Amino acid sequence: MAQKSFASSGDLTEKEQTLEVLDDGVYALTAEGDPNVGAIEGEDFLVCFEALATPVAAGEWLAKLREHTDKPVRYLVLSHYHAVRVLGASAFDAEVIVAHENTRALVAERGKEDWESEFGRMPRLAKGADSVPGLTWPTLTFSDRLTIDLGGDRGDLVLQYCGRGHTEGDIVAWLPRQKILFAGDLVEAEAALYTGDAFHRDWASATLDRVKAFGAEALIGGRGAVSRGRDAVDAAIEQTRGFLDVMIRGVAAVQRAGGTLKEAFERTHAALAPRYGHWPIFEHCLPFDVSRLWDELSGIERPVIWTAQRDREVWDQLQG
């Protein structure tokens, strides 16, 4: 069997980006399984959701957005701390960078290591890597909920913490009037989950329950196509939960039997591959996913920090 390229280092093919107008002044950019971003127009300003990996990549998104609106970016909302979501922030020239208080703490604790790790795993996303001026620091944080008045008759944008999930600081952005939810990486629509910094049991239960309770009629996940209609939204949430549940059952069973991490990876891979194996970044994610879940079920409460060296060690152990 041929050796698998490390993570996504062998995936150098550009993905086609699609900008969709979901409602008046509500935009989403999807890219065949690459990270999604979005924007919401206020009366005289913009709220942008996610920043991409570099200012160069973010600038390309902003150029597409400027074909629809020239309003200045007042708020840049970051759903969580991962480098490919936040390091493009300087391109937005935002007045305010908003994130959960846990996200700010995670940037301080492990932002530098995450930057090096993610750019090594996904070099294609690091377009113009030398344009990154440094770590991205939120300038406004909150613990539970933050409401942004969009002005005029545009209603509110509600930023909500739903509990620990993909990380311990994920937030969603909810437009109650339009029933549109930007879910970040708490939900993926036919894209594999990255759970290397996750709290799997919380995510698969109460956190996704809270996401589902919004009753969204359109959902933009972290990767994958926009889910349109309540049935499609619920399906995206439940396929995310299903991925987590299969992982939890498989890894727990191997631990109960006194097995090894390698055996847990092989069992989980075999269980997930028939349904999820063809989805973007499946092979990339799974070693890191199983490693974190193994730790979590072993009583290691918070994720061990990923470094470029640790990435390679885990990959060689499980995918080698």
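None of these values were measured; they are calculated from a predicted model. For the single chain, residues carry numbers from 1 onward in sequence order.
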Any salt bridge between Lys64 and Glu60, counting N to O under 4.0 Å?
no

Expected output: side-chain Glu32 to main-chain Glu16 donor-acceptor under 3.5 Å:
yes

Applying the 4.5 Å side-chain criterion to the ILVMFWY set and letting contacts propagate, would Phe182 and Leu186 be lumped into a single cluster?
no

Regarding Asp197 and Thr167, is there a side-chain donor-to-acceptor distance under 3.5 Å anywhere?
no

Gap between atom CZ of Arg110 and atom OG1 of Thr307 - 0.5 Å precision:
11.5 Å

Under 6.0 Å from the ring centre and within 45 degrees of the ring axis: does the NZ or CZ of Arg223 meet both conditions for the six-membered ring of Trp279?
no

Salt bridge flag under 4.0 Å for residues Arg74 and Asp44:
yes

Ring-face cation of Arg292 near Phe199 (centre distance under 6.0 Å, axis angle within 45°)
yes

pair Val37-Cys48: side-chain heavy atoms closer than 4.5 Å
no

Looking only at atom types and distance, does a side-chain atom of Thr54 sit under 3.5 Å from a main-chain N or O of Lys127, one as donor and one as acceptor?
yes

Would you call Arg85 and Asp185 a salt bridge, using N to O less than 4.0 angstrom?
yes

Answer yes when Glu238 and Lys212 have at least one side-chain N-carboxylate O distance shorter than 4.0 Å, and no when they do not.
yes

Between atom CD1 of Ile171 and atom OG1 of Thr103, what is the distance when rounded to the nearest 0.5 Å?
7.0 Å

Any donor-acceptor pair under 3.5 Å linking the side chain of Gln160 with the backbone of Asp144?
yes

Examine the side chains of Gln239 and Glu190 and answer whether a donor and an acceptor come within less than 3.5 Å of each other.
no

Are the side chain of Asp114 and the backbone N or O of Ala83 linked by a donor-acceptor pair below 3.5 Å?
yes

Does Arg230 come within less than 4.0 Å of Asp234, counting only side-chain N to carboxylate O?
yes

Full working for ring-ring contact (aromatic ring centres under 6.0 Å, His included) between Tyr194 and His82:
CA-CA 11 Å; Tyr194 174 68; His82 283 150; 5.7 Å; yes

Rounded to the nearest 0.5 Å, what's the gap from CG on Asp153 to CD on Glu43? Could you check?
7.5 Å

Quick one, Arg121 and Trp306 - any side-chain contact, counting heavy atoms below 4.5 Å?
yes

Within the 4.5 Å heavy-atom criterion, are Val290 and His269 side-chain neighbours or not?
no

Could you tell me if the side chain of Val47 sits less than 4.5 Å from the side chain of Val77, heavy atoms only?
yes

Give me the ring orientation class for Phe243 and Phe282: parallel if the planes are under 30° apart, tilted from 30 to 60°, perpendicular past 60°.
perpendicular

Approximate separation, where rounding is to 0.5 Å, of Thr147 OG1 and Leu157 CG:
8.5 Å

Please check this pair: side chain of Asp202 against backbone of Gly165, looking for a donor-acceptor N/O pair closer than 3.5 Å.
no

Are Val158 and Ile148 close enough, and set up right, to give a side-chain contact (heavy atoms from CB on, under 4.5 Å), and what steps lead you there?
CA-CA 6 Å; Val158 179; Ile148 296 172; over 6 Å; no

Gln178 backbone acceptor or donor facing Asp23 side chain under 3.5 Å
no

Hey, is the main chain of Arg201 close enough, under 3.5 Å, to the side chain of Ser205 for a donor-acceptor pair?
yes

Going through the distances and angles, do Arg154 and Asp149 end up as a salt bridge (charged side-chain N to carboxylate O under 4.0 Å, His left out)?
CA-CA 8 Å; Arg154 290 188 171 270; Asp149 180 355; over 6 Å; no

Checking His68 against Glu41: is there a side-chain donor and acceptor pair closer than 3.5 Å?
no

Is Lys71 atom NZ crowded by more than 12 heavy atoms from other residues, nucleotides or ligands, each under 6.0 Å away?
yes

Side-chain contact test, heavy atoms from C-beta onward, threshold under 4.5 Å: evaluate it for His284 versus Met122 and give yes or no.
yes

Measure up the Trp203 and His200 rings against each other and bin them: parallel (under 30°), tilted (30 to 60°), perpendicular (over 60°).
tilted

Salt bridge flag under 4.0 Å for residues Arg228 and Glu20:
yes

Under 3.5 Å, side chain of Glu118 to main-chain N/O of Trp115, donor-acceptor pair present?
no

Gln309 side chain to Glu313 side chain, donor-acceptor N/O pair below 3.5 angstrom:
yes

Are Asp156 and Arg177 close enough for a salt bridge, meaning some N to O gap below 4.0 Å?
no

Could you tell me if the side chain of Asn102 sits less than 4.5 Å from the side chain of Tyr161, heavy atoms only?
yes

Can you list the steps and then say if Arg267 with Glu263 is a salt bridge (charged side-chain N to carboxylate O under 4.0 Å, His left out)?
CA-CA 6 Å; Arg267 176 171 178 152; Glu263 289 168 346; over 6 Å; no

Test item: side-chain donor near acceptor, Ser79 and Glu50, under 3.5 Å
yes

With a 4.5 Å cut-off on side-chain heavy atoms, are Glu266 and Lys262 touching?
yes

Taking C-beta and beyond as the side chain, do Phe214 and Val172 meet within less than 4.5 Å on heavy atoms?
yes

Could you state the interatomic distance from CH2 (Trp137) to OH (Tyr81), rounded to the nearest 0.5 Å?
13.0 Å

CG (Leu297) and CZ (Arg256) are apart, to the nearest 0.5 Å, by 9.5 Å

Derivation and outcome, salt bridge (charged side-chain N to carboxylate O under 4.0 Å, His left out), residues Glu296 and Arg302
CA-CA 7 Å; Glu296 183 182 353; Arg302 299 189 66 244; over 6 Å; no

For Ser298 and Gln255, does a side-chain donor sit closer than 3.5 Å to a side-chain acceptor?
yes

So, does Gln319 use its side chain to make a donor-acceptor pair with the main chain of Glu283 at under 3.5 Å?
yes

Say whether, by atom type as modelled, one donor and one acceptor occur between the side chain of Thr195 and the main chain of Ala198 under 3.5 angstrom.
no

